[in-house]
Peer 1: 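Here it is, the structure, as structure tokens.
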2 protein chains.
Amino acid sequence: MSEQDTKIGEQPSVLEVARKDDGKFVEPLQLGKRLKEIRLANNLTLEEASRLTGLARSTLSKIENEQISPTFQAVQKLTAGLGIDIPQLFVPPQDGPTANGRRDITRKDEGTPHPTTTYEHELLCTQMRDKKMVPFKCTVRARSFDDFEDWVRHEGEEFMLVLAGQVEVYTEFYEPVKLAEGDSIYYDARMGHCLVSVSKDDAQVLWVTSR
Amino acid sequence: MSEQDTKIGEQPSVLEVARKDDGKFVEPLQLGKRLKEIRLANNLTLEEASRLTGLARSTLSKIENEQISPTFQAVQKLTAGLGIDIPQLFVPPQDGPTANGRRDITRKDEGTPHPTTTYEHELLCTQMRDKKMVPFKCTVRARSFDDFEDWVRHEGEEFMLVLAGQVEVYTEFYEPVKLAEGDSIYYDARMGHCLVSVSKDDAQVLWVTSR
DNA sequence: AATTTAAATTTCCTATAGGAAACTTTTGTG
DNA sequence: CACAAAAGTTTCCTATAGGAAATTTAAATT
């Protein structure tokens with residue numbers, strides 16, 4: 001190894017710089033480390049990974065050792081070839097036990113009941129506090145549209161998936177839309193919204209609201 | 001070795017090639033088009049976007065016009081600077097009404113496919129940008145745990161509901177837990193996690209990740 | 001331990017991404 | 001319409017990513 005050639009392969013890799021005058025700082029990310037972990041976890045040699053991705057052995061090696069910053073194209077090939085879950089790559093380097101993780105399980109029909117006049121809520125995963133999302137199932141009674149007086153409207157966003165039956169979603173600014181089992185909708189919850197069952201029986205939906 | 005030697009600035013851009021001998025084919029993706037839409041939607045000039053991202057005006061222009069394939073670093077700066085939801089970039093070009101409205105509907109089985117080796121993703125509601133949550137359905141193949149020893153791990157939180165079949169959730173720090181249809185789980189996604197189907201056939205789950 | 005074989009890294013070179021500035025196009029404004 | 005100002009594109013150049021092959025390192029096999 002040349003001793004004067006401290007540029008590459010030493011500490012300050014290309015990936016680490018990434019700060020320009022007033023540009024947004026981009027954290028190291030250690031993409032290479034991650035990729036190597038993934039490759040090894042899949043018991044692949046560079047040669048095999050090369051065949052899978054279409055990138056040269058040398059290139060893969062350099063990426064893993066953070067000697068180069070791959071092009072977006074290369075990243076695409078990598079993720080496609082190795083079957084990598086994309087968000088995985090954008091996670092900051094995992095270090096230490098990160099023990100502040102928690103999990104919270106709710107069995108079927110064992111959520112926390114929370115009835116209102118219009119809906120029958122079953123809150124899910126209520127053990128965990130300060131969640132970024134609030135999931136709940138909801139039985140939407142078969143009823144007419146004119147039962148409700150005003151829009152529901154609140155901060156954040158909402159995702160809804162129809163689990164059973166058929167519902168009609170009313171939102172401000174749009175025409176009502178019918179959703180059947182398996183259909184889903186995402187919307188800005190600040191926009192007035194409400195839900196009605198249009199099947200004979202009550203419909204059931206899953207709702208997730210963000211903060 | 002280029003048989004046609006596509007010149008830059010012509011039509012067949014670099015992004016379009018991306019096929020090497022035995023490499024995985026990477027679809028065009030039209031990243032540039034996407035980015036331009038986002039920039040314009042935010043009422044930004046190239047100059048402003050340049051300040052936000054730390055990339056040169058010229059570079060941004062070239063990326064938008066698909067004259068160059070940005071490096072991963074550049075993509076990071078872009079997403080960080082413009083506040084772009086990363087998975088959105090990996091979603092194939094959205095066509096049609098380019099809904100950037102306030103609601104976004106996905107009919108059953110009409111989400112955007114996004115297969116990986118381990119999971120079969122179907123992204124839901126991909127028309128809307130910069131969502132706080134990313135919902136997708138996922139077919140978990142019936143397979144053994146030892147096919148992947150590495151955890152998935154990323155920022156944010158995750159909610160999962162089992163739609164069909166039976167799965168086993170492995171997470172760091174906890175014992176594996178079996179979830180049947182209707183069961184749900186919420187967890188800190190920084191904690192390593194992965195999923196295995198324990199039913200005969202593939203299982204299906206709904207996943208919602210937060211940012 | 002010595003030798004072979006496989007895996008990973010480095011070197012050298014070509015192709016191409018990124019930045020600065022020149023140039024062109026578009027959008028105002030009198 | 002003329003002209004100015006702003007936004008966008010292209011050119012030219014430097015820095016660096018990617019590929020082929022050489023080199024080094026690690027893992028087997030005897």
Side-chain angles (χ1 to χ4, degrees), chain A residues 1-10 12-23 26 31-33 35-37 39-40 42-78 81, chain B residues 1-24 26 31-33 35-37 39-40 42-78 81:
Chain A
M1 323 299 185
S2 19
E3 43 289 318
Q4 57 123 9
D5 187 43
T6 51
K7 295 294 179 236
I8 289 177
E10 268 306 321
S13 89
V14 250
L15 287 176
E16 196 164 275
V17 186
R19 213 212 203 309
K20 234 213 93 201
D21 295 289
D22 40 6
V26 176
L31 176 66
K33 187 182 161 202
L35 285 170
K36 183 163 192 173
E37 283 170 6
R39 176 175 65 81
L40 292 178
N42 284 55
N43 263 53
L44 295 171
T45 66
L46 284 178
E47 178 57 38
E48 294 166 322
S50 170
R51 271 193 295 99
L52 286 170
T53 59
L55 292 166
R57 266 204 331 279
S58 54
T59 305
L60 291 174
S61 171
K62 282 181 259 184
I63 292 172
E64 288 190 350
N65 295 317
E66 265 140 43
Q67 288 175 23
I68 63 176
S69 167
T71 59
F72 184 69
Q73 239 185 66
V75 174
Q76 279 190 86
K77 289 188 187 176
L78 276 167
Chain B
M1 31 59 178
S2 306
E3 49 290 330
Q4 50 177 24
D5 191 30
T6 39
K7 271 291 167 229
I8 286 183
E10 280 298 331
Q11 202 37 280
S13 88
V14 251
L15 286 176
E16 196 164 275
V17 185
R19 213 215 203 305
K20 233 215 93 200
D21 297 291
D22 40 7
K24 199 98 172 190
V26 176
L31 176 66
K33 186 182 159 202
L35 287 170
K36 183 163 192 174
E37 284 170 8
R39 177 174 64 80
L40 293 178
N42 285 53
N43 261 53
L44 295 170
T45 66
L46 283 179
E47 178 58 37
E48 293 166 322
S50 171
R51 269 193 298 101
L52 287 170
T53 58
L55 293 166
R57 268 205 330 281
S58 55
T59 305
L60 291 174
S61 171
K62 283 182 259 186
I63 291 173
E64 289 190 351
N65 295 317
E66 265 142 42
Q67 287 175 23
I68 63 176
S69 167
T71 59
F72 185 69
Q73 235 186 69
V75 174
Q76 278 189 88
K77 289 186 186 176
L78 277 168

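Computed from a prediction, not measured in an experiment: that's the story for all the values here. We name chains A, B, ... by the order of the sequence lines, and we start the count at 1 in each one. All values below come from the heavy atoms of this structure, side chains included, with hydrogens, waters and symmetry mates left out.
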Peer 1: Could you pick out which residue, B:Ala74 or A:Thr45, lies toward the 5' side of DNA chain C when each is mapped onto its nearest nucleotide?
Peer 2: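 Result of the comparison: A:Thr45.
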Peer 1: What is the distance from CZ of B:Arg51 to P of D:dA6, rounded to the nearest Å?
Peer 2: 14 Å
Peer 1: side-chain contact (heavy atoms from CB on, under 4.5 Å) with A:Leu46: which of A:Arg39, A:Arg51, A:Lys36?
Peer 2: A:Arg39
Peer 1: What is the distance from CD1 of B:Ile63 to P of C:dA17, rounded to the nearest Å?
Peer 2: 10 Å
Peer 1: Please give, in whole Å, the distance from C:dA8 P to A:Leu60 CG?
Peer 2: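 Roughly 10 Å, once rounded to whole Å.
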Peer 1: Could you tell me the separation between the CD atom of B:Glu66 and the P atom of C:dT16, rounded to a whole number of Å?
Peer 2: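 Answer to the nearest Å: 16 Å.
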Peer 1: Over all heavy atoms of both residues, which pair between A:Gly54 and A:Lys77 is shortest? Give the atoms and the distance, please.
Peer 2: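 A:Gly54 and A:Lys77 have their closest heavy atoms at O-NZ, 4.3 Å.
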Peer 1: Given atom CD of A:Glu47 and atom P of D:dA27, what is their separation to the nearest angstrom?
Peer 2: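 Rounded to whole Å, this separation is 18 Å.
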Peer 1: Below 3.5 Å between N/O atoms, which protein atoms pair up with nucleotides 9-11 of chain D? Just atom names and distances, please.
Peer 2:
unit_1, atom_1, unit_2, atom_2, d
D:dT9, OP2, B:Ser61, OG, 3.1
D:dT10, OP2, B:Gln67, NE2, 3.0
D:dT11, O4, B:Lys62, NZ, 3.4

Peer 1: Rounded to the Å, how far apart are B:Asn43 CG and D:dA6 P?
Peer 2: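 Interatomic distance, CG of B:Asn43 to P of D:dA6: 17 Å.
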Peer 1: Whole angstrom is fine here: how far is it from CD1 in B:Ile68 over to C1' in D:dT16?
Peer 2: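 One finds 13 Å between C1' of D:dT16 and CD1 of B:Ile68, rounded.
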Peer 1: By the definition side-chain contact (heavy atoms from CB on, under 4.5 Å), identify the one residue from A:Thr53, A:Leu60, A:Leu52 that meets it with A:Leu44.
Peer 2: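 Exactly one option meets the side-chain contact (heavy atoms from CB on, under 4.5 Å) with A:Leu44, and it is A:Leu52.
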Peer 1: Salt-bridged, B:Glu47 to B:Arg57, with N to O below 4.0 Å?
Peer 2: yes
Peer 1: Look at the side-chain N and O atoms of A:Thr71 and state whether any lies under 4.0 Å from the OP1 or OP2 oxygen of D:dG18.
Peer 2: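 Checking D:dG18 against A:Thr71, a side-chain N or O does come within under 4.0 Å of OP1 or OP2.
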Peer 1: Mind calculating the distance between CD (A:Gln73) and C1' (C:dA15) to the nearest angstrom?
Peer 2: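 It works out to 12 Å between those atoms.
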Peer 1: Do A:Thr71 side-chain atoms and B:Pro70 backbone N/O form a donor-acceptor pair below 3.5 Å?
Peer 2: no
Peer 1: With sequence neighbours excluded, tell me which residues meet salt bridge (charged side-chain N to carboxylate O under 4.0 Å, His left out) with A:Glu48.
Peer 2: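 In terms of salt bridge (charged side-chain N to carboxylate O under 4.0 Å, His left out), with neighbours along the sequence ignored, A:Glu48 is linked to no residue.
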